[in-house]
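Have a look at the structure below, then the notes.
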Amino acid sequence: MIELKHVTKKYEEGIHAVNDISLHILPGEFVFIVGDSGSGKSTIIKLLLKEIEPTKGRVFVNGKDIGLISHRQIPKFRRNVGVVFQNFRLLEDRNVYENVAFALRVVEAPRSRIKKRVPLMLSLVGLAAKYRSLPRQLAGGEQQRVAIARALINEPKILLADEPTGNLDATNAWEIMKLLEEINQKGTTVVVVTHNMDIVRAMNKRVITINKGVVVEDKKGRGDFNQYVSL
Amino acid sequence: MISISTFLYNLRQGFVNIWRNKMFSLASVATMTACIFLLGVFYSIGSNFNQMVHDAEEGVAVTVFFDEDASDEQITKIGKAIGDREEVARVEFVSAEQAWEDFKDVYFEGNEEAAESFKEDNPLAKSANYEIYLADVAEQDELVEYLQGLDGVREVHQSEVAARTLTDFNSLLTYISIGVIIILIAVAVFLISNTVTVGIAVRKKEIAIMKLIGATDRFVRAPFVVEGVVIGLVGSIIPLVLLYFLYKAIMSYVTDRFIALNSMVSFIPANEVFRFLIPVSILLGVGIGYVGSRFTLKRHLKV
């Protein structure tokens, strides 16, 4: 599903954000990528979204070498990868409904599909009642739910979450993690980048630890995932 | 191809953007209005001057008189040779009788009996001539030289000073018009692209989000292009309406107040001026709006 083969990312200032990393995530897995800030974990998310190109090595997503995807094909590729950010990144001037619908408009979905899918998705994340609210009128946890609904509305096979609980209090953070686990149980591969070790320990999933751009530990979870390729 | 619902969505989004950035939109419309208004003013003045110069030029004629023993056949041949010249707009034959009639009308007005005494003996018997009107006054010298070399031609009259002055003035006017119009277009493009840049800076975050969700460049661009085109359209229609009424007002003011000038100054009808000005202004406005928004956006789409 996701594979990094000897990936190095060197920024122009000469900093090695990621240094010769190889890892393999299988379909249906729930994986945490942890590490201190500056360890290179967010760089991995950026590489997986083709926001940046690796200096060396190859990145495979959904079985495709994304280094071979042209600029024109990037939008199509990204529609198959849902993404959630720490700061939610919602469109501030549009209400909850429009924010979620936007991901469907982008793929030029017919109106009938938008009208059917958006309410369904909003009730899944528990926000059906607030569809007319603007992002600023919502609490942090609710905003993140909107972002998750938006990320999932095109039914991607992979969901990437970059510090999804970073701006949330403990209660809301747990709610979000539970939601992500539900989504994973429905078959979506979930990759969560975080430094919230309480949550990581409690969830008991596969944990890849990164330090200074290098994988220092890849620990199996208690769950069903025994088949992943360990380093 | 995009679907109708996507098209309508982008169209609506474009209008939403205009409304959301009211101040920028207004600034852009104002800039465009000012530039196209100036362009229109300059074009109106320029084309009217041009017309006046052209009218004056047309009045400039070269007159050819024939040898006394020139036969009718020879005169016809000369007329044909002149008519074949490229720089000649039209040739008119004035017979001796016609010349005398014209002369009588002017100099014997109210004294027709006196003129009658010449009846059987045309004093202008040798005055049959061709009046030649030039398409381009600049070629007058060359034509005169040619005419003087023709068989059967006795004399060639021309108005040299008038011709030269008008030609020089006309080309000076053309150069100034082109120069000013180029400067105005450059200013408009610069200001519009500046306004769009500011507008985009405000929405940079939004563009990045759209791109990460998987929006194509075209999809992100569409509302901005709608915005640019609408601003261009409004920014060209406003000055056109203003110019139209201003032109008509000035025309009737000058015609009413300076009756003495009427014989010298004849305005080009408003319809004729605007037949050119309307499509050019709208094309320019919409074009600048389109190009400005599209190219300014380009470097923000590389996410």
Side-chain angles (χ1 to χ4, degrees), chain A residues 45-46 48-53 69-85 87-95 98-115 135 143 146-156 158-162, chain B residues 1-26 196 198-227 230-231 293-303:
Chain A
I45 295 280
K46 285 195 175 113
L48 291 177
L49 280 171
K50 206 174 159 69
E51 250 189 280
I52 53 173
E53 298 291 335
I69 296 175
S70 71
H71 178 78
R72 281 178 66 90
Q73 292 170 316
I74 292 175
K76 220 169 177 187
F77 157 72
R78 284 183 184 155
R79 291 168 195 177
N80 289 314
V81 182
V83 60
V84 174
F85 301 96
N87 53 4
F88 323 127
R89 299 180 88 162
L90 300 174
L91 301 171
E92 294 296 329
D93 63 311
R94 293 175 215 198
N95 64 27
E98 271 307 316
N99 262 285
V100 178
F102 186 76
L104 283 172
R105 298 200 193 281
V106 155
V107 300
E108 300 189 13
R111 271 173 59 173
S112 54
R113 185 171 152 78
I114 295 175
K115 278 185 178 163
Q143 290 192 44
V146 178
I148 291 171
R150 181 180 68 187
L152 292 175
I153 196 134
N154 280 319
E155 301 172 304
I158 298 170
L159 178 66
L160 304 176
D162 190 0
Chain B
M1 266 309 286
I2 59 163
S3 64
I4 292 172
S5 67
T6 301
F7 174 77
L8 291 176
Y9 173 77
N10 284 329
L11 199 67
R12 204 183 64 213
Q13 223 47 51
F15 280 99
V16 168
N17 282 353
I18 292 174
W19 181 248
R20 207 158 29 124
N21 303 293
K22 286 185 276 287
M23 291 318 288
F24 289 126
S25 309
L26 217 63
V196 174
V198 178
I200 285 169
V202 174
R203 279 173 279 174
K204 220 171 155 179
K205 210 177 102 189
E206 202 181 299
I207 293 171
I209 295 171
M210 291 179 184
K211 291 284 306 197
L212 283 175
I213 293 173
T216 55
D217 288 357
R218 197 188 62 192
F219 191 88
V220 175
R221 199 193 294 130
F224 286 95
V225 171
V226 169
E227 199 179 337
V230 169
I231 286 174
S293 55
R294 200 184 154 128
F295 283 87
T296 320
L297 209 61
K298 207 170 175 183
R299 58 202 155 94
H300 293 279
L301 289 173
K302 287 184 186 146
V303 182

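Below, chain A is the first sequence line, B the second, and so on; all start at residue 1. Values below: all heavy atoms of this structure, side chains included; hydrogens, waters and symmetry mates excluded.
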field: Contacts of type side chain to side chain contact (heavy atoms under 4.5 Å, CB included), residue B:A222, not counting sequence neighbours
entry: B:N10
statement: In this structure, CG of A:L49 is separated from CD1 of B:I213 (nearest 0.5 Å) by 11.5 Å
Check: B:G214 main-chain N/O paired with A:R79 side-chain donor or acceptor under 3.5 Å: yes
- prompt: Would you say the side chain of B:I209 lies within less than 4.5 Å of the side chain of A:R150, judging by non-hydrogen atoms?
  reply: yes
field: Interatomic distance, A:R72 atom CZ to B:T216 atom OG1 [nearest 0.5 angstrom]
entry: 9.0 Å
field: Per-residue contact mode, A:F102 against chain B (heavy atom under 4.5 angstrom)
entry: side chain
- request: Supply the atom-to-atom distance A:D93 CG to B:N17 CG, rounded to the nearest 0.5 angstrom.
  value: 8.0 Å
query: CD/B:Q13 to CD/A:E98 distance, rounded to the nearest 0.5 angstrom?
result: 7.0 Å
task: Mark yes when over 12 heavy atoms from residues, nucleotides or ligands other than A:R94 sit less than 6.0 Å from its CZ; otherwise mark no.
output: yes
- request: Could you tell me which portion of A:L90 (side chain, backbone, both or neither) has an atom closer than 4.5 angstrom to a non-hydrogen atom of chain B?
  value: backbone
message: Quick check: do B:D217 and A:H71 have side-chain heavy atoms less than 4.5 Å from each other?
response: yes
message: Among residues at least two apart in sequence or on other chains, which ones pass side chain to side chain contact (heavy atoms under 4.5 Å, CB included) with B:A215?
response: A:V106, B:M210, B:F219, B:V220
